[in-house]
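All ligand and atom numbering here is 1-based and tracks the order in the structure. What you are looking at is a predicted structure, and each value in this text was computed from that prediction instead of being measured.
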Amino acid sequence: MNAHYSLLSLMPRNYCTQRRCKLSFSSGIFANSSAVANSLRSSEERVYEVVLKQAARVRKQGRESALDLKKPIESDWNRLNEAYERCREFCAVYDNTFYLGIYTCSFSSSVCTLLMMPELRRAFWAISVWCRRTDDLVDGPNATYITPKDLERWEKRLTDLFEGRPSDVYDVALSDTVSRYPIDIQPFKDMIEGMTLDLTKSRYENFDELYLYCYYVAGTVGFMSVPVIGIAPESKASIESVYNAALALGIANQLTNILRDVGEDASRGRIYLPQDELAGAGLSDDDIFHGKVTDKWRSFMKGQIKRARMFYDEAEKGVSELNLTSRWAVWASLLLYRQILDAIEANDYNNFTKRAYVPKAKKLLSLPAAYGRAFMGNSMLAKLIMR
Ligand SMILES: CC(C)=CCC/C(C)=C/CC/C(C)=C/CC/C(C)=C/COP(=O)(O)OP(=O)(O)O
């Protein structure tokens, strides 16, 4: 394990890799194979390149939410308002979803959306709609008919809208959003890549593979969001560190999602848990398909939950660097989604037949807690009161 550490720390500039390495290895549960460490480096390196690319773009256009208030001609305003309104309606229909949890938050899209400024909300609606439509290609009613070729077409549409040639009303809104904020196309392309994986892959050999998948389907959302939210003008943090935290939140959310949905995914023949770690815990695919909660399973789950929490801890470091106006919403989504892990524990790790969920009352209680974190900062006192 130490050898992997030093190998990884030899890499120049790679703040992310070294930090993530700690995240992945410090619990000591995932450190038994050099193949894991080597491939871990490659996934993280790949993702870190996106962090650098995004940070360079933000540096060029400004750290704060770079809302470009250029006024289009009046008829465009109407067209745009109509497009954003359609996105809002679309999001309302998908009320229970988590995409950009900061405004959907599963229990009431309106509550968390209201925590955001109106312009930001519109941008998030547009991004959410695109993410949801992308996800629906492989998870929606037509999923069985979707081929990699269709995803290629979807990517072509994406390029078009980034170049100002939207194909439909939802794309009109997103095309406007990406022209106003320093949003790079790469996370969007990567999300499509994640959907391609969902079409072709139902097992993940090790955490390195899973990490990349989590980046594709959820870390990307963090990269799409921060350019809209913006970094607080008073923040001294590097842009890269804020993007790392955003990435960590996406990964944490997705890991939580995976741990919550083990039974549901298994019923579709999918296992998103690292195969080598399952084997290391003396578990097999069959154990998952049979869905029996044993001590082996509990102990395996404890390790997985511990790792997810480490990603949340990593994410926490960046939330306070975001623009104050949106911090509350991000805290709310973080605190809410993290509680799903507590719910899995409360279910005695039965994520085969029991869905872990956070009761409404608890969710509501998270809002003042999030408010405290956002406005009282990260002090020990705030943490104690607000947990
Ligand atoms: C921390 C910092 C610096 C910034 C925040 C950056 C943000 C907003 C990151 C959010 C990332 C995010 C919300 C990713 C979505 C991940 C996810 C698990 C999506 C799953 O969605 P659904 O499958 O609809 O979930 P539910 O099944 O729970 O409805």
### Task
Heavy-atom distances under 4.0 Å are what count here, so tell me which part of T256 touches ligand 1: side chain, backbone, both or neither.
neither
### Query
Salt-bridged, K296 to D287, with N to O below 4.0 Å?
no
### Query
Against heavy atoms of G318, which atoms of ligand 1 measure under 4.0 Å?
3 (C)
### Message
If the cut-off is 4.0 Å to any non-hydrogen atom of S225, which atoms of ligand 1 fall inside it?
### Response
8 (C)
### Query
In terms of atom number and element, which parts of ligand 1 are under 4.0 angstrom from non-hydrogen atoms of A245?
1 (C), 3 (C)
### Task
Using non-hydrogen atoms of the residue, decide whether R260 is closer than 4.0 angstrom to ligand 1.
yes
### Query
Which atoms of ligand 1 are found less than 4.0 Å from any heavy atom of V330?
5 (C)
#### Entry: Centroid-centroid under 6.0 Å between W130 and F188 rings
yes
### Non-hydrogen side-chain atoms of P227 and Y243 separated by less than 4.5 Å
yes
### Query
Is the centre of the W297 ring less than 6.0 Å from the centre of the F352 ring?
yes
### Polar side-chain atom of Y215 near backbone of V47 as donor-acceptor pair, under 3.5 Å
no
### Message
Only heavy atoms of Y337, strictly under 4.0 Å: list the atoms of ligand 1 that pass.
### Response
25 (O), 26 (P), 28 (O)
### Task
Could you say whether the N/O atoms of N253 and ligand 1 ever approach to under 3.5 Å?
no
#### Entry: Spatial distance of atom CG (D348) from atom NZ (K354) [nearest 0.5 Å]
8.0 Å
### Query
Among A218, A237, C131, G222, which residue places a heavy atom closest to atom 7 (C) of ligand 1?
G222
### Any N or O of R132 closer than 3.5 Å to N or O of ligand 1
yes
### Closest non-hydrogen atom pair between N323 and I229, with its separation
ND2-O, 3.0 Å
